[in-house]
Amino acid sequence: MTNHAETSGPTASRFLATGDMACPPELLELAASPAPKPFGFVRAIGQATLETARAAAAAKLAVPILIGEVDIIKQDAAAIGWDLGGVEIIPAEGEDGAIAAAIALFGEGRVAGLAKGQLHTDVFMGGIVKRAAGIRTGKRLVHLFAMLPPAGGRPLLISDAAVNVAPDIETRVEAALHMAEISRRLGQSRPRIAVLSATESVLPAMPSSGEAAKIALRASAIDAKADFAGPLSFDLAVSPKAVAIKGVDGPVAGMADGLVVPDIVSGNILFKSLVWFGGGLAAGLVLGGTIPIILTSRSDPPSARLASLALAAIAGRDDD
């Protein structure tokens, strides 16, 4: 390895991927419906949120209902050239007003999903998790990313990288089960779900390894239409080469469709590595409630926002 001093200032890591990935047409085709369901865009101000709502409508993923300050919504829509004729706008002031209006729409049975617009995540999720809102079902809300590879092919699901900081065993069991169901809806007839640790053996000194074994066992007892295995290290979950070298057996080893991570830190690092180093596209979704919830960020590229809407449309179907 050549080691030389930088003479013209620091340079970015050569691991960084170049270019932006578009939302895969096959995902949009799978998610599109002749009768898309209404989705509430909570505090739908700012061009990024409105561009997502317009794209979702154009792709027949959802019928957008825009919630927020009417004058600002109209001004921002005009800035992107979107004629809001026929689009319903629900007046609401500020972040608290927007989430209150969204919950009211849900209570009236008027929305099949909610997408976060320009408001803080804690305000958005804080309103959703309140028992009085009626969105929670008694289960723990879990976040999934469907990581879409730039060269095409099957997605790799990751949980939980955005909501639960230190999910307990039961929460990760629910994540594994949600992951298997979403994978089936994305086309995998028998999903393969790996529960990750840093080893493929149960080691007393590594608690996540024993927890992974319990999670895989419990999930297998509930869902007989998927394969669950744990503990598996990352390489043994995704690489047939690593599996062959180490001589690991099982239907999940080297071929995982989904990865259940031990905590939010490992999940967050993993999904961002796949985006920034691997050039993948992250479609995110919160499941476990009555309706799918989309957590988007102003820093998310438009393609990731649209892919998240597509994933929500697929998850929210009641005809599968």
Any Lys/Arg nitrogen of D235 or K246 sitting under 4.0 Å from an Asp/Glu carboxylate oxygen of the other?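 Result for this pair is yes, salt bridge flagged.
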Taking the basic N atoms (NZ, or NE/NH1/NH2) and the acidic carboxylate oxygens, is any pair closer than 4.0 Å for E181 and R184?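 Looking at R184 together with E181, the answer is yes, because their closest N to O distance falls below 4.0 Å.
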I'd like to know if the side chain of [X] reaches the main chain of [Y], judged simply by a donor and an acceptor atom lying under 3.5 Å from each other, with no hydrogens or angles considered.
{"X": "S303", "Y": "M21", "result": "yes"}
{"X": "T290", "Y": "I135", "result": "yes"}
{"X": "R43", "Y": "Q118", "result": "yes"}
{"X": "S183", "Y": "M179", "result": "no"}
{"X": "S159", "Y": "H143", "result": "yes"}
{"X": "T199", "Y": "S201", "result": "yes"}

Given side chains that start at C-beta, do those of [X] and [Y] come closer than 4.5 Å, heavy atoms only?
{"X": "I293", "Y": "L141", "value": "no"}
{"X": "Q75", "Y": "E69", "value": "no"}
{"X": "R140", "Y": "P167", "value": "no"}
{"X": "P301", "Y": "D20", "value": "no"}
{"X": "F277", "Y": "S13", "value": "yes"}
{"X": "K241", "Y": "I245", "value": "yes"}
{"X": "V286", "Y": "I128", "value": "no"}

Is there a path of hydrophobic side-chain contacts, each under 4.5 Å between heavy atoms of I, L, V, M, F, W or Y residues, that connects V248 with M255? no
Take V260 and F228 through the test side-chain contact (heavy atoms from CB on, under 4.5 Å) and record every step on the way to the result. CA-CA 10 Å; V260 180; F228 302 87; over 6 Å; no
Nearest heavy-atom pair of [X] and [Y]: which atoms, and what distance?
{"X": "P191", "Y": "A180", "result": "CG-O, 3.3 Å"}
{"X": "F234", "Y": "L259", "result": "CE1-CD1, 3.8 Å"}
{"X": "A32", "Y": "A59", "result": "CB-O, 3.5 Å"}
{"X": "T296", "Y": "K116", "result": "OG1-O, 2.9 Å"}
{"X": "L16", "Y": "A12", "result": "CD1-CB, 3.9 Å"}
{"X": "P64", "Y": "A57", "result": "CD-CB, 3.7 Å"}

With side-chain contact (heavy atoms from CB on, under 4.5 Å) as the test, would you mind laying out the steps for R154 and L186 before giving the verdict? CA-CA 8 Å; R154 60 191 175 95; L186 290 172; over 6 Å; no
Test log, rule side-chain contact (heavy atoms from CB on, under 4.5 Å), inputs L306 and L61: CA-CA 9 Å; L306 186 60; L61 306 179; 3.6 Å; yes
Relative to each other, are the rings of F271 and F145 parallel, tilted or perpendicular (30° and 60° limits)? parallel
How would you list, by chain and number, every residue that makes a side chain to side chain donor-acceptor pair (under 3.5 Å) with R136, sequence neighbours excluded?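 So R136 forms no side chain to side chain donor-acceptor pair (under 3.5 Å) with any residue.
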Checking side-chain contact (heavy atoms from CB on, under 4.5 Å) for the pair D160/T171: CA distance, chi angles, key distance, verdict? CA-CA 10 Å; D160 184 314; T171 301; 5.6 Å; no
Tested for side-chain contact (heavy atoms from CB on, under 4.5 Å) against P231, the lone hit among L196, L236, V202, V195 is V202
